[in-house]
Amino acid sequence: MTHVDEGRLRRAHDEADILNDHDRAHLELCGECRERMALVASTASAAAGWLEASPLPVDAEAALAHVRRTLAATPAQSNAGLRRRLIAYLDRPRHVSRPLAATAVLAVIASIFGLMVVSGTAQSMLEIFQPKKFVAVQVSPVSLGALPDLSKWGTMGVVKQPAFGVAHDQAAAADATKLALLVPKTLPRSVTGGGTWSTMTDGTATFTFSKEKARQAVAASGGTLPAMPGNLDGTVLTLTAGPAAIETFGRQPLPSELASPDPSNTRGAGPFAGMSIPQLAIVQMKTPQLTTSGASLKDLEEVLFAMPGFPPDLAAQLRAIDDPTHTLPIPIPTGRANTPGLLVGDNTGLGSAVIWEKDGKVYAVAGTLTQDEVMAVANSLG
Amino acid sequence: MEARPWTLGSVPAPAPAVIEKAASPRVPDAFEDLFRAEYGRVVAIAHRVLLRRDEAEEVAQDVFLQFHQRHDPAAGYAPAWLYRAASHAALNRLRGNRRRVARETANHDDPPVDPAVAVEAAERRQMVRDAMGRLPRKSATVLALRYGGLSYAETAAALGVGIGQVGTLLRRAEARLKKELSHDPR
């Protein structure tokens, strides 16, 4: 006889529907579980009283006015924009998966090049993409804003949803991902605290091109569908990504802490201590792959480049890639990259990242560090 | 096995146009919408830890300011981030300012009542605050989130755990809170 666990009993105190027929039948027969449920309910009721869990009316408009005044009085920070975007990226809740087509650039790159996967079942599929090299392509956010949303050119599907989790240590992360995980031998002095491991199991997604949907999408924006290869309609791109593990270190000091240090808000004890605001993140994942059931990579490229509004300079950069089957273009806003390469960073500590592939795994090291520090961490992995 | 990057490049500092745009103190509409939608819940979460409305509102406004400086208000994770930040910031305030708080016996939330009753209520609040401050951070956080009015799904999202774990975490946290309060000599 399996007793109902206390977590379910506790939730049932708030949401009685959570108990299934088996749980209910068990509770009818098991006096021990009924006693535990009564104790759980009693403790929960007491806690509600201690914590004064009653509605608390607030004046949001007055509070917003106060916040507006504070913002207006706050001096602008020279690098607030980039820092905010970088920190926001690193600070994303770990259990939230990155949307495939959040922006036009992701829709374009992710649909064609970034949709990297291999189908475990479709033996007839042709593998068209597996990243072995990485190259920066400079893109203008303005020109990309005019691009159509490629996700409307067909149907997205999830064959296998990846599962996200947290692991206690390297061994647990390796066990969850079945990957031989590396750890850094050295860390920059500014990085504090031990590593925290998050994991993702493998996932598979598909994108099925539809000529009719593409025609409708282009027509809706007032354009005309470019000529498409005959085999593109119905072509299924299958992307398999993961498993993957990410180890994060330290926390990013907040702008307010940098501006006015408070002795009670030192690192590790600040208002956001314990939150996932890493200074350094190390990603290790099985090299993702992309397969197609019909159109070739060249076919896909030509359709992409012929799209109304596709930046000619970006098309030229992508055409110039020698080995497109094994090269992942990484979009970098114009003015941020002067040398195509896989290290993106600066020497002020604003943020740097490095990405590479070795022995069937993709590695990335990123953080609010200088490029020298990021490279030192990357080279110490073992 | 030692993995080595095979090539590298470099990039210059961000373009001035980006800096200028980002430095504007204007509050975007999306941020105002987010503020109006979530302010009450963020205050409620901080209040479960601090048990003082004025302090809870200060913490909530600080959390929104920090979010504005660092994040896109339209980000899907915004509510979960705010909830968790409110709990952590309130706990840190509780722990960092314990001496100051200990001198305060009255509570601005109390309606005018018999002074003896008011003192008793203030002492009880202080006892609960101290107990929350002694709990493991995760336990105190799940209590703040759940008793702050979040659903099990919202609590799970804010904690970054599966929804099935919330009941277990909550049960343990409540038991720990009860134990802390039963050991308090006051």
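So that the names make sense, note that chain A is the first sequence line, chain B the second, and so on, each numbered from 1.
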| message | Quick test of your reading: applying salt bridge (charged side-chain N to carboxylate O under 4.0 Å, His left out), list the pairs with at least one residue in residues 142-158 of chain B, sequence neighbours left out, ordered by first then second residue. | response | A/Asp14-B/Arg146, B/Arg41-B/Glu154
| query | Hey, does A/Glu61 have a side-chain heavy atom less than 4.5 Å from the side chain of B/Arg36? | reply | yes
| B/Glu32 side chain reached by A/Val67 side chain, heavy atoms, under 4.5 Å | no
| query | At what distance, to the nearest 0.5 angstrom, does CD of A/Glu6 lie from OG1 of B/Thr168? | reply | 8.5 Å
| query | Got A/Ser45 and B/Glu174 here, is their nearest side-chain heavy-atom distance under 4.5 Å? | reply | no
| said: Between B/Arg172 and chain A, with a heavy-atom cut-off of 4.5 Å, which part of the residue counts as in contact: side chain, backbone, both or neither? | reply: neither
| query | Do the side chains of A/Trp50 and B/Lys178 get nearer than 4.5 Å, heavy atoms only? | reply | yes
| remark: Cut-off 4.5 Å, heavy atoms of chain B, and the answer for A/His13 is neither
| request: Report the residues that fulfil side-chain contact (heavy atoms from CB on, under 4.5 Å) with B/Ala153, sequence neighbours left out, ordered by chain and then residue number. | output: B/Ser151, B/Ile163
| task | State, to 0.1 Å, how close A/Ala47 and B/Leu177 come at their nearest heavy-atom pair, and which atoms those are. | result | CB-CD2, 4.4 Å
| Contacting moiety of B/Ala60, where chain A heavy atoms sit under 4.5 Å | neither
| query | Closest approach of B/Gln61 and A/Ala63, non-hydrogen atoms and distance? | reply | NE2-CB, 3.5 Å
| task | For side chain to side chain contact (heavy atoms under 4.5 Å, CB included), just list the numbers for B/Arg171 and A/Leu39, CA-CA rounded to whole Å, side-chain angles, deciding distance to a tenth of an Å, and then say yes or no. | result | CA-CA 10 Å; B/Arg171 167 65 186 146; A/Leu39 181 61; 3.8 Å; yes
| Inter-residue atom distance B/Glu57.CD - A/Leu56.CG, 0.5 Å rounding | 7.0 Å
| query | Distance from A/Arg10 atom CZ to B/Leu169 atom CG, nearest 0.5 Å? | reply | 11.5 Å
